[in-house]
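Structure first, then comments.
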Amino acid sequence: LDASIADKPRRKIEFKSVQTVLANPTRPKWLLKDILEENVFALMAGPRGTYKSFIALHWMMLTAIAGFEVAVVSAEGSGIDRRIRAWLQKHAPGKDPGELKINIFEGRINFNDDLEVIAAGDAIEAAGIKPALTTIDTLSKNSGGLDENSNSEVKAFIGRIDNGIRRRFSSTVLLVHHTGHVEGGRARGASALEADTDAAYIVKREPGTRLVTVSRERFKDSGDLPPLTYQADIVDLGDKDEFEQPVTSIALVPATEEGGDPAGR
């Protein structure tokens, strides 16, 4: 060992015997059964117009309805209020929104910057929550000058979110992203996006319809499952815009409610 580093402090690494490991059995833990595991870094990717943000919101609302705390970074601009109203009208019309433990930041956060990640974590803490789910929508709008095609930059980007958000709050992180223009079956950019995350979902929309499927081919601690299928329904919110036109939004309905795949939720 080089004398210049021999005396430097280093972390303690401890190996466990197989008996010790087997004496403490682990089991898959689900935040949303068969959809999102607890305390993982998940990536959802799909082309534009495949309702990715609505799927993320659907899972967010299911998580909040179940009583968990949720943090959302919504860089898609204003309008998340309409989406939440539409979801509640469709799925939980009698629910008091004040009972939901959802905290939202409507704007961009540069998760490619160490100080911004710390500031985001501090803001979550200041809101008095410990989110079971943190949704970041989308990668491109919350990554500053990140080179999506650079494995080293993407690994560092994921590491910042992993350490600054997931580990800090023991929170599942759901990062919404786009698929490539040519390779529509994988997330756009460096291979590290899928290699360094725990779970990945690919969203596809049936041409000419509002029907979407979400793959469930990779989880951290569970096997593959058939795709989820959702129908995007237009919901009239009962308001009028400045031109006296109805204000609407979209809420996703599992295919089970349309007579489809019972795996939908």
Side-chain angles (χ1 to χ4, degrees), residues 29-44 51-111 116-139 141-142 161-162 164-177 199 201 203 214 228 230 232-233 235 237-239 247-254 265:
K29 293 183 178 181
W30 294 100
L31 184 61
L32 292 176
K33 183 71 170 69
D34 294 337
I35 297 179
L36 274 176
E37 292 173 297
E38 290 184 7
N39 196 16
V40 298
F41 198 129
L43 176 72
M44 178 195 294
Y51 305 119
K52 298 183 298 298
S53 294
F54 290 94
I55 295 167
L57 182 130
H58 184 63
W59 294 357
M60 169 195 92
M61 295 300 294
L62 290 174
T63 301
I65 288 286
F68 295 102
E69 295 180 321
V70 176
V72 183
V73 179
S74 177
E76 293 290 284
S78 61
I80 193 171
D81 62 307
R82 296 194 300 272
R83 298 179 182 187
I84 292 173
R85 287 167 58 198
W87 193 95
L88 289 170
Q89 186 173 316
K90 193 75 177 179
H91 295 283
K95 186 70 174 178
D96 178 2
E99 296 176 1
L100 299 176
K101 300 173 183 177
I102 303 173
N103 284 259
I104 303 164
F105 179 80
E106 292 184 276
R108 301 184 185 216
I109 295 177
N110 182 6
F111 286 100
E116 280 275 287
V117 175
I118 293 170
D122 289 348
I124 290 171
E125 206 165 77
I129 61 169
K130 187 177 181 181
L133 172 63
T134 303
T135 300
I136 302 172
D137 188 6
T138 59
L139 181 153
K141 292 187 177 181
N142 290 286
I161 299 173
D162 192 55
I165 303 297
R166 187 189 70 81
R167 293 177 185 273
R168 179 170 175 175
F169 300 102
S170 297
S171 174
T172 291
V173 171
L174 178 62
L175 179 63
V176 181
H177 189 37
Y201 310 88
V203 183
V214 186
L228 295 169
Y230 295 108
D233 283 358
V235 179
L237 298 177
D239 293 339
V247 175
T248 64
S249 188
I250 288 173
L252 294 185
V253 178
R265 216 175 255 269

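Computed from a prediction, not measured in an experiment: that's the story for all the values here.
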Legend entry - Heavy-atom check, side chain of Thr172 versus side chain of Phe68, under 4.5 Å: no

Legend entry - pair Leu228-Trp59: side-chain heavy atoms closer than 4.5 Å: yes

Inset, instruction - Taking the side chain as every heavy atom from C-beta outward, state whether Arg167 and Val173 have any atom pair closer than 4.5 Å. - result: no

Legend entry - Lys29 side chain near Asn39 side chain, heavy-atom distance below 4.5 Å: no

Inset, instruction - Would you name the heavy atoms of Lys130 and Phe169 that are closest together and state the gap between them? - result: CE-O, 3.3 Å

Inset, instruction - Give a yes or no on this: more than 12 heavy atoms of other residues, nucleotides or ligands lie within 6.0 Å of atom NZ of Lys95. - result: yes

Inset, instruction - Say whether, by atom type as modelled, one donor and one acceptor occur between the side chain of Tyr201 and the main chain of Ile35 under 3.5 angstrom. - result: yes

Legend entry - Least distance between heavy atoms, Met44 atom then Ile55 atom: CE-CG2, 3.4 Å

Legend entry - Sub-4.5 Å side-chain heavy-atom contact between Tyr51 and Val203: no

Inset, instruction - Output all residues satisfying salt bridge (charged side-chain N to carboxylate O under 4.0 Å, His left out) with Asp137, sequence neighbours left out; order by chain, then residue number. - result: none

Legend entry - Within-4.5 Å side-chain heavy-atom neighbours: Ser53 and Arg83: yes

Inset, instruction - Side-chain contact test, heavy atoms from C-beta onward, threshold under 4.5 Å: evaluate it for Ile161 versus Arg166 and give yes or no. - result: no

Legend entry - Under 3.5 Å donor-acceptor, Ser171 side chain and Pro131 backbone: yes

Inset, instruction - Looking only at non-hydrogen atoms, find the nearest pair between Val70 and Met60 and report the distance. - result: CG1-CG, 3.4 Å

Inset, instruction - State the CG-CG distance between Leu32 and Leu62, to the nearest 0.5 angstrom. - result: 5.5 Å

Inset, instruction - Determine the minimum heavy-atom distance between Val117 and Phe111, stating which atoms define it. - result: CG2-O, 3.5 Å

Inset, instruction - Specify whether Tyr230 and His58 have parallel, tilted or perpendicular ring planes, treating 30° as the upper limit for parallel and 60° as the lower limit for perpendicular. - result: perpendicular

Legend entry - Within-4.5 Å side-chain heavy-atom neighbours: Leu88 and Leu100: yes

